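Read the structure below first, then the notes.
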Amino acid sequence: MKREVKLHGYVFFITLLAIIIAFAIVVYQTGDFNSRKNTSEVGNGSGNRDDVKVTSECRGGNSGKWTKNISIDIPGDKNGQLTGEIYDITINNDSSYAVHPWTLRIDIGSDCYINSAWCGSVEIHQHVVGMDKTQMLDLRTVKPEEISLDYFQDDSDLLIPLKKGDYIIYYPSESVEEDYIETKSKNKTTTVIIGLILYYNADEVKAETNLDNMLITYNYKADILSLPQFNIAVAAFIVWIIALLIVVVSDFKTSEFRKKELHNRQTIRELLFSMADAVDGYSGCPGHSIRVANITYEIARKMGYGEDECRDYYYAALLHDIGKMQVPEFILLKNGHLSEDEEEVIKKHTRWGSEKIKRVTTINNLDAAILSHHENYDGTGYPFGVMGDEIPMVARIIAVANACEKLSASRTFRAGLPIETILSEIYEGRGTLYDPDVVDAMARILENADEDTDFLEERNV
């Protein structure tokens with residue numbers, strides 16, 4: 001029964017970890033998707049091939065085009081008249097996602113005057129006599145004394161001159177919810193229509209080229225609750241909860257199972273502890289991985305690494321021997337010397353361990369710790385025979401921690417060795433088996449072992 005309860009616990013922990021990773025991946029991918037800037041160029045007023053399209057047209061008719069007599073002198077005017085036109089710019093969201101936020105840049109293709117824009121604000125970029133002027137304005141409410149750009153005032157009409165090469169950026173109004181364009185529903189495309197009033201000299205060619213070149217910049221907003229991946233993860237979590245409840249109810253009277261059920265509610269850290277215990281129990285060295293992780297943490301701390309990196313190294317060290325789960329038990333528990341063939345099998349545990357955790361991306365340095373902790377500083381180790389700085393730092397630290405644990409921990413065939421002997425053994429491998437800096441850090445820990453917390457003691461990391 002105890003073995004069955006233990007199996008239940010491992011299965012539930014591993015399944016929960018997979019669900020948590022699935023949730024994390026969906027949340028990350030959604031956040032990355034929503035934060036990604038998208039741009040669509042618009043040429044010749046025809047929009048583009050993307051799901052977010054922009055089109056423009058002159059409204060026309062008596063209300064969309066008119067002639068204005070002006071009472072002031074403005075550059076290029078010959079007959080005291082300007083032609084005014086209203087341009088409607090339509091933004092269609094034909095995608096499966098809402099659009100928010102967005103801005104629209106309009107490059108000016110010919111000389112004109114901008115009079116108004118609705119319902120948002122415009123950032124006007126005006127090139128005047130060798131200098132650039134920029135100002136954000138709400139043209140419907142701005143007062144002349146607030147304007148730093150060049151402008152003309154004819155009666156109540158504001159005229160801000162723009163030349164070819166100038167541009168404006170339209171920022172949608174939040175108050176009328178222009179800034180959030182809903183996704184299409186029931187095959188209907190959601191649209192936002194903005195308007196501009198432009199004037200140009202009455203005797204010049206019609207200035208439609210002003211809206212030939214536009215660039216819309218926008219973010220999609222995916223609703224994570226509507227994503228199939230998220231719903232699958234939720235369903236898996238519900239199934240996990242149901243399965244857990246079934247096991248709890250069926251084994252409720254078993255005290256051992258109640259303890260394991262309590263263990264099932266702990267954090268991922270405790271799941272790593274459980275996996276480490278499973279590896280060590282299988283290999284006949286109970287507590288080995290946790291003690292190696294404790295020493296690894298202390299070495300990293302002595303070497304000046306920050307708390308986050310020390311914690312990463314600690315978690316990676318907990319699973320450094322996970323590949324031994326694939327080594328035949330009779331080899332791991334064999335008394336006496338191993339044959340050459342058996343030693344070759346043992347050496348494969350680093351590659352096997354790396355293969356087992358290849359889908360785990362949430363624990364930093366885990367693959368390096370598992371794959372390289374038997375590399376030697378002089379290049380005589382395995383599996384790759386790399387040397388020096390080519391060996392990941394986490395593996396160099398675990399190599400020393402691993403050796404120190406084997407020397408200090410009691411085994412069935414001998415008691416743990418004294419600190420002086422451990423120091424001597426570690427120093428003997430300095431620069432050959434082990435990184436000198438790591439050995440020096442380990443030596444400082446051992447030399448202060450009477451004053452510091454026991455380096456084998458469990459860390460609450």
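Because the structure is a prediction, the values reported are computed rather than measured.
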(Q) Using the rule given for side-chain contact (heavy atoms from CB on, under 4.5 Å), can you reason through L137 versus L149, listing the C-alpha separation, both sets of side-chain angles and the distance that settles it, and then say yes or no? (A) CA-CA 10 Å; L137 299 172; L149 302 168; 4.1 Å; yes
For [X], is the [atom1] atom crowded, meaning more than 12 foreign heavy atoms sit under 6.0 Å from it?
X: F237; atom1: CZ; value: no
X: E174; atom1: CD; value: no
X: E177; atom1: CD; value: no
X: K348; atom1: NZ; value: no

Please check: side-chain N/O of [X] versus main-chain N/O of [Y], any donor-acceptor pairing under 3.5 Å?
X: T432; Y: G429; result: yes
X: Q135; Y: E146; result: yes
X: W240; Y: F12; result: yes
X: R140; Y: C119; result: yes
X: T380; Y: N376; result: no
X: E355; Y: I357; result: no

Atom of [X], atom of [Y] and distance for their closest heavy-atom approach:
X: Y305; Y: I397; answer: CE1-CD1, 4.4 Å
X: Y314; Y: A293; answer: CD1-O, 3.1 Å
X: D321; Y: H349; answer: OD1-NE2, 3.4 Å
X: K324; Y: Y282; answer: O-CE2, 3.2 Å
X: G431; Y: D378; answer: O-CB, 4.4 Å
X: W102; Y: I216; answer: CE3-CD1, 4.2 Å

**Q.** Residues Y170, E178; criterion side-chain hydrogen bond (donor to acceptor under 3.5 Å, both in side chains); working and verdict
**A.** CA-CA 11 Å; Y170 181 86; E178 270 188 333; 2.7 Å; yes
Rounded to the nearest 0.5 Å, what separates atom [atom1] in [X] from atom [atom2] in [Y]?
X: R359; Y: T361; atom1: CZ; atom2: OG1; value: 11.0 Å
X: N219; Y: K37; atom1: CG; atom2: NZ; value: 4.0 Å
X: D435; Y: Y377; atom1: CG; atom2: OH; value: 4.5 Å
X: E405; Y: H288; atom1: CD; atom2: NE2; value: 5.0 Å
X: S173; Y: I194; atom1: OG; atom2: CD1; value: 11.5 Å
X: K347; Y: Y382; atom1: NZ; atom2: OH; value: 7.0 Å

Between [X] and [Y], is the gap from one ring center to the other below 6.0 Å?
X: H320; Y: H374; value: no
X: Y113; Y: Y151; value: no
X: Y297; Y: Y313; value: no
X: Y220; Y: Y218; value: yes

Is the shortest side-chain N to carboxylate O distance from [X] to [Y] below 4.0 Å?
X: R301; Y: E298; result: yes
X: D157; Y: K68; result: yes
X: D440; Y: R444; result: no
X: D166; Y: K163; result: no
X: D367; Y: K358; result: no
X: D437; Y: R396; result: no

Can you find a pair of side-chain heavy atoms, one from [X] and one from [Y], that are under 4.5 Å apart?
X: L82; Y: Y200; result: no
X: N201; Y: T83; result: no
X: H373; Y: T350; result: yes
X: L318; Y: M275; result: no
X: I398; Y: V292; result: yes
X: D132; Y: Q126; result: no
X: S110; Y: K164; result: no
X: I106; Y: L104; result: yes

Q: Indicate whether any N or O donor in one side chain lies under 3.5 Å from an N or O acceptor in the other, for T183 and N93.
A: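 The criterion, which ignores hydrogens and geometry beyond distance, is not satisfied for N93 and T183.
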Q. Can you find a side-chain donor-acceptor pair between D312 and N364 that sits under 3.5 Å?
A. yes
Q) Can you tell which of I89, T90, I91, N92 makes a side chain to side chain contact (heavy atoms under 4.5 Å, CB included) with I193? A) T90
Q. So which of D277, D280, N294 actually passes side-chain hydrogen bond (donor to acceptor under 3.5 Å, both in side chains) with S289?
A.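 Between S289 and the candidates, side-chain hydrogen bond (donor to acceptor under 3.5 Å, both in side chains) is satisfied uniquely by D280.
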Q: For side-chain contact (heavy atoms from CB on, under 4.5 Å), just list the numbers for V122 and I169, CA-CA rounded to whole Å, side-chain angles, deciding distance to a tenth of an Å, and then say yes or no.
A: CA-CA 5 Å; V122 288; I169 300 177; over 6 Å; no
Q: Quick one: do I124 and I160 satisfy side-chain contact (heavy atoms from CB on, under 4.5 Å)? Show the steps, please.
A: CA-CA 9 Å; I124 300 176; I160 298 178; 3.8 Å; yes
Q. side-chain contact (heavy atoms from CB on, under 4.5 Å) between I299 and V438: does it pass, once the steps are laid out?
A. CA-CA 7 Å; I299 293 175; V438 180; 3.9 Å; yes
Q: Kindly assign one of parallel, tilted or perpendicular to the pair Y180 and H100, based on the angle between their ring planes and the thresholds 30° and 60°.
A: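 Geometry flag for H100 against Y180: tilted rings.
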